[in-house]
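Just the heavy atoms: all of them, side chains too, but no hydrogens, waters or symmetry mates, feed the values below. Letters A, B, ... are given to chains in the order of the sequence lines, protein chains preceding strands, and every chain is numbered from 1.
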Amino acid sequence: MNVDAVSDIFRRVLENAEVSADSDFFVMGGDSLLATRVLSAIARACGVELDFDDFADAPTPGALAKKIASMA
Amino acid sequence: MSVVVVGAGLAGLTAAADLAARGVEVTVLEARDRVGGRTHGIEVAPGSWVDAGAAYLGDRHTALTALMAELDLKTTPTTMTGASRFALGDDQDGHRTRAGRFPPLSAVALGEMFDALDELTRGLRVDAPWLSADAAALDTRTAAEWAREHLRHPDARLFFPLFLGEMMAADPQDVSVLHMAFYLRSGGGVRYLNAFAGGAQEDRIAGGAHQLCQRLAAGLGGRVRLGEPVRAIRQDDDGVTVVTATGSLRARAAVVAVPPSLADAIDYRPGLPAPRSTGRTAPGCAVKVHLVYPAPVWREHGLSGWSVNARGPLLSTVDDSPQDGAVGVLTGFVTGREAHRFAALPVGEQRERAVAQAARLFPGLPRPIGFHATDWVNEDYSRGCYAALFGPGDWLRLGPRLVTPHRRVHWAGTETSTEFFGLMEGAIRSGRRVAAEIVTTYGAEIVTTHGWRDNHV
């Protein structure tokens, strides 16, 4: 999954179009509940199941895409 | 007299205060020896109060915020710092400490659960849930059946009843899918309803939520009468006669501002065209426990006081210590099926179980210096808390008449508000709505400065 695809998920879950590769999910108004919805969307799209701590470590589309690539 | 209000909870007192402010002569009849309904304060140390009932608010609770400003009440934030404790395994000793509030469960599984709930609530007509697409199908099944069909991962199945217990004090078997979806949407959506920071639990009321009703009642003075359970309401072409245990009052109109099953316990003549509740309408299942310690000792161990537990009695705990630091207060929520079980125990056993569980969760806790268990399930004049739970079939039967007056009898209470149903915000909005409805319906005939007044009382 590339950065653009992860950014799209952020945009949909946050209902906010202003997401870039280095937008921090939690700074943009995301919380742990919404984070689970990003993770379920990633699992549906590419089969990679991240846990909450993975997301907390990498809360931007750029960092998350790298983490997904390392696990796929 | 012009208008009788039945019930001195937040809805009834808001309505009465609004009516009084417009020059309407009003009397409030309250069954208990106190005002407040499902808000109630407990003094845990001299001058330090905790909420035994409704407690929280967020920025979308605009009617409550406005009322607080009128009553000169302030908020206090529910900030949580430190790690959480989780006991979500099968074994008693499976306790885990984690940073933040996220439970040690599959985030993907919980995400799928929230996706499914989001899809469910999205299509709902929150202003009239019985008119939603698929309303009939959603009203037939229970939330427990929905969970069996839609949640496959064991972590989601474990978490779902805890989530529903916390959000709406419901056992999944007690509520229809339609009611669950409605409740979550009505309160602002799953995310808003669940969140502390930025959500419906952002703040508490400094000094306790019970002050809302106390101050409203103080403003109404002698117009509020305690210890007056209403037995019957008779109507004729000119007005209503409200019969209490000790006498009767004549008025132009009545506002019944009590939960649906209590509204049904009043004898109406002529009778209601349809009941306010059914055999499937269940009480909100909540027992709120307060454990009082000399100090919030858990903070010294880097813990926030927040915990989530698969086994009871305390399914979650939160630090509710007063800001002055006089004592440490751990509030425990006993909800859903667990509330019925716990409520049936003798108080000594309730105390032992709660104290033992808190000691397992938070190491180094001394014996508590105070214990309070507030059982809302069996409270005669509440019959449940947070709110009545609409079971299968209820919304289709009850929804269309939720706010329809029975001639001169009008309805209020958080269960009549499709906005923030079950919350203090819903109660206040219902009180404002019914006051406006009364003024519109009866106009000048009830405003004392414009004439009509009766001589019965």
Side-chain angles (χ1 to χ4, degrees), chain A residues 1-19 21 23-72, chain B residues 58-60 78 80 83-84 86 88 96-122 150-156 159-160 162-164 166-167 184 187-202 304 306 308:
Chain A
M1 248 188 130
N2 62 26
V3 181
D4 289 344
V6 178
S7 299
D8 278 343
I9 293 173
F10 272 41
R11 284 187 197 104
R12 186 170 55 74
V13 170
L14 291 169
E15 295 176 0
N16 183 343
E18 308 294 310
V19 171
S23 296
D24 185 312
F25 185 78
F26 297 103
V27 173
M28 306 270 305
D31 62 8
S32 60
L33 190 152
L34 290 180
T36 67
R37 305 198 55 199
V38 171
L39 296 176
S40 66
I42 289 169
R44 257 195 309 278
C46 69
V48 173
E49 296 207 1
L50 300 172
D51 64 27
F52 182 76
D53 293 345
D54 295 327
F55 189 90
D57 288 345
T60 68
L64 208 49
K66 267 187 213 150
K67 188 155 273 199
I68 294 164
S70 74
M71 292 178 75
Chain B
D59 62 354
R60 295 190 199 173
T78 55
M80 269 191 247
S84 306
F86 296 97
L88 296 171
R96 299 212 9 212
T97 303
R98 278 174 61 89
R101 276 186 68 211
F102 198 81
L105 298 171
S106 162
V108 170
L110 300 194
E112 286 167 354
M113 179 184 98
F114 292 127
D115 289 341
L117 287 170
D118 186 63
E119 198 182 312
L120 196 57
T121 55
R122 200 170 279 258
H150 287 85
L151 307 178
R152 281 186 299 276
H153 196 289
D155 284 6
F159 194 71
F160 177 70
L162 297 173
F163 176 76
L164 216 55
E166 202 152 298
M167 291 301 100
L184 297 174
V190 170
R191 192 208 69 82
Y192 189 77
L193 211 46
N194 178 63
F196 278 77
Q201 283 79 229
E202 174 118 49
S304 65
W306 177 256
V308 180

Asker: Please classify the contact between Leu50(A) and chain B as side chain, backbone, both or neither, with a heavy-atom cut-off of under 4.5 Å.
Answerer: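 Looking at Leu50(A), just its backbone touches chain B.
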Asker: Quickly, which of Phe52(A), Phe55(A), Phe26(A) forms a ring pair (Phe, Tyr, Trp, His ring centres under 6.0 Å) with Phe102(B)? Name it, please.
Answerer: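 Result for ring pair (Phe, Tyr, Trp, His ring centres under 6.0 Å) with Phe102(B): Phe52(A).
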Asker: Could you please show the donor-acceptor pairs under 3.5 angstrom between chain A and chain B, with distances rounded to 0.1 Å?
Answerer:
residue, atom, partner, partner atom, Å
Asp31(A), OD2, Arg191(B), NH1, 3.2
Arg37(A), NE, Asp115(B), OD1, 2.7
Arg37(A), NH2, Asp115(B), OD1, 3.2
Arg37(A), NH2, Asp118(B), OD2, 3.2
Ser40(A), OG, Asp115(B), OD2, 2.6
Arg44(A), NH1, Asp115(B), OD2, 3.2
Arg44(A), NH2, Asp115(B), OD2, 3.2
Asp53(A), OD1, Arg98(B), NH2, 3.0
Asp53(A), OD2, Arg98(B), NH1, 3.4

Asker: Could you work out, with side-chain hydrogen bond (donor to acceptor under 3.5 Å, both in side chains) as the rule, every residue matching Asn2(A), not counting sequence neighbours?
Answerer: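 Applying side-chain hydrogen bond (donor to acceptor under 3.5 Å, both in side chains) to Asn2(A) gives none.
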